[in-house]
Each structure stands twice: as C-alpha cells, then as structure tokens.
Amino acid sequence: MSDAARDPAVRDVVVVGASAGGLATAEGLRRGGFTGRITLVGAEPHLPYDRPPLSKQVLAGEWEPDRLPLRPDADIEALNLDLRLGVTATGVDPRARTVALDTGEEVGYDALVAATGVSPRRLPGGGGHVLRDLEDALALRDRLRPGRRLAVVGAGFLGAEAAAVARGLGCEVTVVEPAPVPLAHAVGAQVGQVLTQAHRERGVDLRTGVGVTQVYDGGLELADGTTVEADDVLVAVGSVPNTGWLELGGLPVADGLVCDEYCAAAPGVYGVGDVARWDNPLFGTSMRIEHRTHAGEQGLAVARNLLNPDEPRPFAPVPYFWSDQYDMKIQAYGYLRGHDEVRIVEGDPAERRFLAAYRTGDRLVGVLAIGLPPRALRPWRRHIAAGATWYDAVGDPPAGETTEPREVVSDVAPA
Amino acid sequence: MSDETVTGTHRIELDEPKCVAAGQCVMVAPEVFDQRDEDGVAVVLDETPAAELLDDVREAVAVCPAAALRLVAL
Ligand SMILES: Cc1cc2nc3c(=O)[nH]c(=O)nc-3n(C[C@H](O)[C@H](O)[C@H](O)COP(=O)(O)OP(=O)(O)OC[C@H]3O[C@@H](n4cnc5c(N)ncnc54)[C@H](O)[C@@H]3O)c2cc1C
Ligand code: SF4
C-alpha cells in the first residue's frame with residue numbers, strides 16, 4: 001500500500017467531473033489501496049458514459065443509450081463513492097480546501113481532482129445544435145432523416161464524423177470550414193486533402209475558405225454573402241475548457257487548468273483529461289489533449305501521484321486518438337500540432353492506405369495512419385515514446401526540401 | 001485456454017462491437033491481448049490469465065477507451 005493510502009493526511013478526495021477522467025481517477029485510487037472517502041461530483045444526471053460513440057453509433061441510430069455506460073452499475077457500486085450526480089461545482093477555496101456546490105454545500109478535501117472537461121464553443125448569437133453530451137446526440141439524431149438538410153459548421157474531427165453519419169442516413173450535408181483545407185493545422189494539408197476528398201466523394205457539399213457570419217432559423221449566412229439553407233445546423237467549432245469554477249478560486253488557468261509535469265496545479269489540486277493543461281516532458285512542451293484514451297491514462301497517473309506524494313512520477317504519455325469516418329479508421333500517435341514536416345512513409349494516400357510521419361525540429365513527434373493494420377503503427381509508437389530523432393526513425397530529409405511548409409498553428413482544438 | 005483454468009481465478013470478457021481497436025490493452029498486457037490484422041479489433045489470447053498477469057489486465061481494463069473489457073471473478 002502506498003504512503004497516502006496509509007497516511008491519514010489524505011482521507012478525503014473530491015473529484016469534480018464524472019466522466020472518463022473522473023472515473024479513471026476514482027478507480028485508480030481504489031486500485032492503489034485508498035480507503036478514504038471519494039466524493040465524485042458530476043453536473044450531468046448520468047453515471048459516467050462514453051462520448052466517442054455519440055458522433056458515431058448513437059447519431060447513426062445503431063446504439064441506444066444503454067450501450068454507453070463506462071461501467072456496469074455493480075462496478076460503480078464497488079468503488080464505494082460518495083456520488084453527487086446532477087450537481088455542479090461552482091467554486092473552490094484552495095486555502096481552506098473546500099469546494100462549493102450548487103446545492104449550497106461546501107465539501108472539504110485533502111486532495112481535489114478537476115476533471116470537468118470542455119464545453120462546445122458557440123458562434124456569436126448562439127443557435128444550432130452542438131454535440132457534446134448524450135442529450136445533444138439524441139436531439140440531433142432525432143432530426144436526421146433521409147432528405148433532410150444538415151449544415152455543419154467546422155470540418156474538424158467532430159464535424160466530419162457527424163457529416164459522415166448524416167450522409168449515411170441519407171441527409172443532404174453541407175460542411176462549411178473557414179480554413180482552406182480542413183484539419184490542416186492539426187494533421188497537415190496533405191492528410192487534410194485525403195479527408196476532404198473522401199467527403200466530396202460521398203456527396204458532402206464541402207465549402208472551404210469561407211467563414212460563417214450567422215446561424216439563423218433555416219440555415220447559415222456565410223462571409224461571402226451566400227447562404228446555406230438547412231433544416232438543422234450543427235456547430236462544431238472546437239471547445240472551451242470548463243475552468244470557470246477553478247478560476248474563481250484563484251487557481252492558474254490559461255486555456256485549461258495549468259498543471260506541472262506531475263499534473264498538479266497547486267498543493268493538493270490536480271487536473272485530469274480535456275480540462276487539464278500540463279507539461280509533457282516527452283515533448284518538452286505544455287499541452288492540453290482532448291482525446292478519450294488520454295483522460296483515462298491521466299486519471300490513473302493522477303491517482304498514483306496523489307497516493308505517492310513523495311515519489312511523484314512525471315506524466316509523459318504518447319497521446320493517441322482515433323476517428324471513424326465512412327469506412328476509414330484514422331489513428332494517430334503523438335503530438336502533431338505545430339509540426340514542421342509531414343512525410344508519407346508507407347502506402348499511398350490516394351488509396352487511403354498510408355502512414356504519415358510528423359517532424360518537429362529534429363524529432364519524430366507523431367504518426368497518423370489510415371487503413372493500416374495495428375502492427376504497422378506499433379513500432380512508430382515505440383519510436384515516439386523513446387524520443388527518437390527524425391533521422392533515426394525516418395532518415396534525413398533531403399537538404400532544403402520539406403514536403404510542406406510550416407503551418408500556422410491555431411489554438412483551436414480540432415474538436 | 002482451457003489449460004489456463006488451473007491457475008485462472010478471473011475471466012476476461014471482451015465486448016467486441018464496442019472495441020475501437022485502440023490497442024491500449026496490447027500495450028499494457030501483450031501476453032494476454034492481441035489485435036486482428038484486418039480491423040484491429042482486440043483478441044483475448046488468454047481468457048483466464050494467471051495471477052501474476054492480473055494487475056496488467058486490470059490496467060488494460062482501466063485504460064481501454066471503449067470500456068470494452070471486463071475482468072470477472074470466477
Ligand atoms: C461526440 C464526441 C466524439 C468524440 N470522439 C472521440 C474519438 O473518436 N476519439 C477520441 O480520442 N476522442 C473522442 N472524443 C473526446 C473524448 O470523448 C474526450 O476526450 C473525453 O470524454 C474526455 O473526458 P473528460 O473526463 O476529461 O471530460 P468530459 O468527458 O468532458 O467530462 C467532464 C464532465 O464534467 C462535468 N462538469 C463540467 N463542469 C462541471 C462542474 N463545474 N461541476 C461538476 N461537473 C462538471 C461535465 O458535465 C462532464 O460530465 C469525442 C468527444 C465527443 C463529445
Ligand atoms: S484497449 Fe479496448 S478498444 Fe482498444 S483494442 Fe483493447 S479492447 Fe479494443
């Protein structure tokens with residue numbers, strides 16, 4: 001048993017956010033031998049459920065909500081949690097070590113874990129659907145019928161998945177994206193083109209390089225003066241971390257709760273998942289990652305560090321994400337953002353079977369694959385985890401030649 | 001797999017349609033999990049793993065991003 005598990009100093013842990021990250025933290029604490037109180041506070045009325053299927057199987061009508069719980073009730077029961085569902089944390093006092101809830105209660109803690117995720121960014125004036133929680137997904141699903149017109153604002157991963165599902169259901173889909181090439185800032189122009197092509201082949205009306213000025217009842221007004229008529233609009237333009245309650249307590253917030261390499265933001269305060277920005281020593285940079293596997297891994301890491309305060313371990317993961325669009329499974333390892341070069345090192349993008357490697361400085365920082373077996377990716381992941389140089393992993397780039405110029409990096413997550 | 005039941009106190013359940021082929025399980029417990037070449041869906045190599053592997057399996061259950069794995073006591 002670890003120190004804190006024995007140490008009476010940590011008896012009360014409050015975890016705010018009852019989703020992937022919060023649940024992983026609670027599970028990690030119990031597996032680490034923690035017998036004290038765990039209060040899990042979640043704004044949603046549901047037990048922790050899985051979000052990625054919302055824009056895939058749920059939107060497609062293939063899965064009902066009963067497929068979504070992250071754990072069976074009995075497993076949640078076994079964690080022996082003080083579970084507060086439908087309850088929102090409204091503030092925190094890091095000196096007194098209390099969290100304020102919207103029930104009027106103040107809950108004391110020895111350690112606090114912030115796992116409050118993100119909220120969808122809206123366009124000025126609001127309007128349109130967003131897609132973040134179960135209710136959002138069910139509301140949009142109920143509107144998608146053959147022949148209905150859906151306009152999607154934003155061709156990030158979320159918008160692209162929704163567009164793909166809507167096409168599959170026989171909707172007429174228009175996607176409007178202000179960037180010239182969708183996702184170029186995240187995965188590079190070449191891979192962005194592959195995805196663009198796939199959507200166009202499936203009959204998506206993809207309009208790039210034009211912004212949306214207004215969402216109105218019945219469609220969109222675009223910056224070039226044209227309009228897109230639609231029965232429904234989905235706004236998928238990134239997200240904002242849910243840090244308001246942390247900021248009120250004076251905790252460091254800058255596009256996420258700012259944490260060190262041990263995921264600590266202040267004495268006894270930790271960040272997990274989409275809401276947390278932390279220093280990843282593997283890449284030597286501060287990052288905030290909105291990926292499903294990341295929330296689970298960081299939750300377990302925080303549980304370990306919380307229980308072993310004298311031997312904290314830096315959290316140095318290789319981020320991983322996947323996205324399903326039509327018959328394509330896109331998988332990526334590493335930190336692709338701000339890359340200097342992309343190179344296709346296996347397969348052929350035209351066949352949608354390829355592996356692209358990403359270079360930042362002299363390091364291999366990431367890979368993205370479509371249509372390749374898992375075996376093809378694993379050695380690359382190992383290279384990234386080992387901090388391999390580009391030269392060692394790929395071979396030196398031809399002198400003075402890069403396949404792509406450095407792209408401007410935006411702060412907006414690809415959603 | 002049947003020869004493992006001598007040591008096995010737990011059984012792994014995989015909900016295949018839920019698996020998103022992330023391969024986290026293979027990374028954490030390569031003795032117990034593999035992935036199909038065609039679609040990356042997980043394959044349980046050892047349904048009732050020996051006691052010394054259970055910690056790794058629990059880790060795999062915890063990090064599986066699709067909640068597709070369960071470890072059930074026999
Ligand atoms: C539609 C959709 C599809 C996705 N698809 C993929 C995918 O294919 N691949 C991938 O890697 N990732 C995907 N993701 C991302 C993935 O789901 C997230 O990274 C993951 O859910 C993050 O978990 P989290 O626990 O950090 O935050 P969240 O899941 O956002 O959970 C935060 C929880 O905290 C609650 N909360 C917020 N504020 C408060 C407060 N003040 N008090 C109490 N509770 C609060 C929220 O209501 C929420 O329940 C997808 C996300 C969405 C929405
Ligand atoms: S970790 Fe889960 S989702 Fe990933 S391959 Fe294993 S079972 Fe499938």
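Heavy-atom basis, side chains included; hydrogens, waters and symmetry copies ignored. Sequence lines set the chain letters: A, B, ... in the order given, protein chains first and strands last, and positions in each chain run from 1.
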Heavy-atom proximity to chain A below 4.5 Å, by part of B/E38: neither
Atom CG of A/D73 with >12 non-hydrogen neighbours under 6.0 angstrom: no
Validation row: B/V20, A/R292 side chains within 4.5 angstrom (heavy atoms): no
Closest approach of B/D37 to A/P373 (non-hydrogen atoms, all atoms of both residues): O-CB, 3.4 Å
Close side-chain approach of B/D39 to A/K329, heavy-atom, < 4.5 Å: no
A/E77 atom CD, over 12 foreign heavy atoms within 6.0 Å: no
Interchain contact, B/D55 with chain A, by part (heavy-atom threshold 4.5 Å): backbone
Residues, nucleotides or ligands: over 12 heavy atoms within 6.0 Å of A/R313 CZ: no
Closest contact, heavy atoms only, B/G40 versus A/P374: CA-CG, 3.6 Å
CG-CD distance between A/L300 and B/E59, expressed to the nearest 0.5 angstrom: 5.5 Å
Minimum-distance pair of heavy atoms, taken over all atoms of A/W63 and B/P17: CZ2-O, 3.8 Å
Chain B contact via A/Y49 - side chain, backbone, both or neither, heavy atoms under 4.5 Å: neither
Leading residue by heavy atom contact count with chain B [cutoff under 4.5 Å; candidates A/G296, A/P72, A/P69]: A/P72
Short side-chain to backbone donor-acceptor contact, A/Q331 and B/A21, under 3.5 Å: yes
Worked verdict on B/M27 versus A/V318 for side-chain contact (heavy atoms from CB on, under 4.5 Å): CA-CA 12 Å; B/M27 228 126 55; A/V318 176; over 6 Å; no
Heavy-atom closest pair, residues A/R71 and B/V61: NH2-O, 3.6 Å
Max heavy-atom pair count under 4.5 Å with chain B, selected residue of A/H294, A/E297, A/R31, A/E27: A/R31
Side chain, backbone, both or neither of B/R58 within contact of chain A (heavy atoms, under 4.5 Å): both
Structural part of B/Q35 lying under 4.5 Å from a heavy atom of chain A: both
Whether B/K18 side chain and A/R67 backbone form a donor-acceptor pair below 3.5 Å: yes
Side-chain heavy atoms of A/T293 within contact of B/V63, under 4.5 Å: no
